[in-house]
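Okay, structure first, notes after.
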Amino acid sequence: MTAAAGDADAVQTITRGYAFTGPALELGALLVDGEPSPGAQIRVPLGMLNRHGLVAGATGTGKTKTLQLMAEQLSAHGVPVFMADIKGDLSGVSQPGQASEKLTARAASIGQDWQATGYPVEFLALGGQGTGVPVRATITSFGPTLLAKVLDLNETQSSSLALVFHFADKAGLALLDLKDLRAVIQYLISDEGQADLQGLGGLSKATAGVILRELIAFADAGAEVFFGEPEFDTRHLLRTAGDGRGIITCLELPAVQDKPALFSTFLLWMLADLFQDLPEAGDLDKPKLVFFFDEAHLLFKDASKAFLDQITQTVRLIRSKGIGVFFVTQSPKDVDSDVLAQLGNRVQHALRAYTPDDAKALRAAASTFPKSSYDLEELLTQLGIGEAVITVLSERGAPTPVAWTRLRAPQSLMAPASAEAMTAAVTASPLNADYAQAIDRESAYERLAAKLAPSPSVESTLREEPARRPEPDPAAPQRAERAPSRAPREEPGIVEGVVKSSAFKSFLRSAGTVLGREITRSIFGTARRRR
């Protein structure tokens, strides 16, 4: 500790501040003058985890291990967890850890009863890129706001994209994948779609053309695989294992590290989708799910005010649905101030102050903590690996004293799981049969292609479906002589030809799909299709 924080009264105050009566996650032991005090355990109440939180710190300070530690204990308490595995090193949570002399000594020094333990894990992979059950979203569900963020559209282009979605919703054109959205825009800027384009007063042909070019470039970069069906049902994130432990859902992202805007926005889609699906729950003894939002700075970078307002609203309201959200990033300044104000639990690892900007960020980080006897600007630069400055919300909702803490070690493997183990887990997953194979059913692309195709004439219809001639019957002449004469059969008319055509049958199938679908858009313009 530093200064007055090292005296007995300060230690006693901190110890009392974390002496909760209900279930809690054990984070670590208080450090007094740099030495652990096993009798002063730093904890966070389980019932307060839906008040959200922040895990921050410079690269290499231990943020990933903190996530792993918290995920393990949440699972043990029967709470499902979602976390994004960007570097691939969180996959080890599925395997028991490996003891070592150093690990055993560290655990003993902070009063931790360390036991090698693996936890139930579901591996997902965005678009099937990597080892995991494929996660896809339909374009309709993803919505215009999130798609505009991924495409880096400006404000005018974003509002124009929203008009395209509005047109598709009203026209019953299902936008399932990128080619559906491209087909709708191509239709609107074509001669046949001029009337519909004029009906969308805020959408110009030039802006639609710009969006179309962005979509084509986006698809060429390999984004087609992330959108389509079967769409991932985010309620799968709320499962528990047969032994009562919460399932840790690990979204494997190493294969898409070069698409940070895409995967960060996909995480937000998952959160928004949960927000739409879940009923109000009020204050629970433990959350329904804790969602760790890694690389959080990508969400807020270059975000519009409207977009930030939506994130703030989501964080504020999703608490009442039993969901806790932890943002994980390097510095608190990476998170918008209105969102930061909603985060009641803080685990701050070391910060660096090599540049004037770093020094400014350090002062800002120190100012976000409750008043304490620490010199936080000094302490935050001196924290060792696996150490953090912590404050959480007590069981009555008040901030706990700031505590310099040596964190516990995860009990699962602190390294990537083997490729064989991950592949076996994915193969055995009950979700794999539902999501492994992509589906391309009839949607806007097919409907518009049929609409723009020339109407088949009687002659062309007959050419497409020539009548099969029966084999000659030797008794036919005799039956003809006995049978009464009949009027010659008329050739099929135009209506009959059209009704029998494949284009008309396609239209009927699409009409059935539209009639059975209700689209409602809410937060971020995302949609839930109800059948």
Side-chain angles (χ1 to χ4, degrees), residues 55 63-72 74-75 80-97 118-137 142 150 221-228 230-234 236-239 241 246-271 273-274 289-296 298-299 326 328-329 410 412-438:
V55 178
K63 296 191 301 296
T64 301
K65 298 301 176 282
T66 299
L67 264 65
Q68 191 169 346
L69 170 68
M70 295 179 71
E72 291 176 353
L74 285 164
S75 175
V81 175
F82 172 86
M83 56 187 184
D85 187 8
I86 295 173
K87 299 187 292 292
D89 48 3
L90 280 171
S91 58
V93 73
S94 63
Q95 307 295 315
Y119 295 83
V121 176
E122 181 76 67
F123 293 108
L124 306 180
L126 197 56
Q129 303 296 291
T131 304
V133 175
V135 174
R136 306 177 190 88
F142 204 71
V150 172
E224 293 274 12
V225 296
F226 305 116
F227 298 97
E231 181 177 82
F232 186 76
D233 187 342
T234 54
H236 292 313
L237 304 180
L238 305 175
R239 295 176 300 145
I247 290 179
I248 300 172
T249 301
C250 202
L251 182 62
E252 294 298 307
L253 295 172
V256 292
Q257 287 187 65
D258 59 335
K259 298 179 176 64
L262 177 66
F263 71 67
S264 64
T265 311
F266 245 95
L267 298 185
L268 192 57
W269 168 76
M270 298 177 90
L271 202 58
D273 197 64
L274 280 170
L289 171 75
V290 173
F291 194 106
F292 288 99
F293 212 123
D294 209 352
E295 299 292 340
L298 296 170
L299 263 189
F326 274 73
V328 185
T329 189
S412 55
L413 184 64
M414 290 185 279
S418 68
E420 293 78 10
M422 293 177 65
T423 300
V426 173
T427 303
S429 169
L431 304 184
N432 200 43
D434 294 332
Y435 295 105
Q437 188 63 45

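Interatomic distance, Thr423 OG1 to Phe123 CZ, rounded to the nearest 0.5 Å: 9.5 Å. Taken to the nearest 0.5 Å, the CZ atom of Phe292 stands 13.5 Å off from the NZ atom of Lys63. From Lys65, atom NZ reaches atom CG of Leu90 across 7.0 Å, with rounding to the nearest 0.5 Å. Between the CG atom of Leu271 and the CZ atom of Phe291 there is a distance of 5.0 Å, given to the nearest 0.5 Å. A distance of 4.0 Å separates CG of Asp294 from CD1 of Ile86, quoted to the nearest 0.5 Å. Put simply, OG1 on Thr64 and CG on Asp85 are 8.5 Å apart, with the number rounded to the nearest 0.5 Å.
For the residue pair Ala261 and Val150, the shortest heavy atom distance occurs at O-CG2, 4.1 Å. The two residues Gly246 and Pro120 make their nearest non-hydrogen contact at O-CG, 3.6 Å. Taking every heavy atom of both residues into account, Phe226 and Leu126 meet most closely at CE2-O, 3.3 Å. Residues Asp434 and Pro230 approach most closely at O-CG, 3.2 Å, considering heavy atoms. Nearest heavy atom pair, residue Pro260 against residue Leu298, reads CB-CD1, 3.4 Å. Summarising the geometry of Asp89 relative to Pro416, their closest heavy-atom pair is CA-CG, 4.0 Å, with the distance given to 0.1 Å.
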Worked verdict on Leu268 versus Phe293 for side chain to side chain contact (heavy atoms under 4.5 Å, CB included): CA-CA 8 Å; Leu268 192 57; Phe293 212 123; 4.1 Å; yes

Set out, in order, the CA-CA distance, both residues' side-chain angles and the distance that settles side chain to side chain contact (heavy atoms under 4.5 Å, CB included) for Val93 and Met83, then state yes or no. CA-CA 11 Å; Val93 73; Met83 56 187 184; 4.0 Å; yes

Report the C-alpha separation of Ser412 and Glu72 in whole Å, then their side-chain angles, then the decisive distance to 0.1 Å, and conclude whether the side chain to side chain contact (heavy atoms under 4.5 Å, CB included) test is met. CA-CA 8 Å; Ser412 55; Glu72 291 176 353; 2.4 Å; yes

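The aromatic rings of Phe142 and Phe227 lie perpendicular to each other, with more than 60° between the two planes, well past the 30° mark.
The salt bridge (Lys or Arg N to Asp or Glu O under 4.0 Å) pairs that include a residue from residues 121-136 are Glu122-Arg239, where partners are two or more places apart or lie in different chains.
Exactly one residue among Phe82, Tyr435, Trp269 makes a ring-ring contact (aromatic ring centres under 6.0 Å, His included) with Phe232. That residue is Tyr435. With Phe326 as the fixed residue, the side chain to side chain contact (heavy atoms under 4.5 Å, CB included) test singles out one of Val55, Thr66, Leu67: Val55.
Panel note: side chain Ser264, backbone Leu299; no donor-acceptor pair is recorded below 3.5 Å.
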Determine all donor-acceptor pairs shorter than 3.5 Å in which one atom belongs to a side chain in residues 247-258; sequence neighbours excluded.
residue	atom	partner	partner atom	Å
Gln257	NE2	Pro254	O	3.4

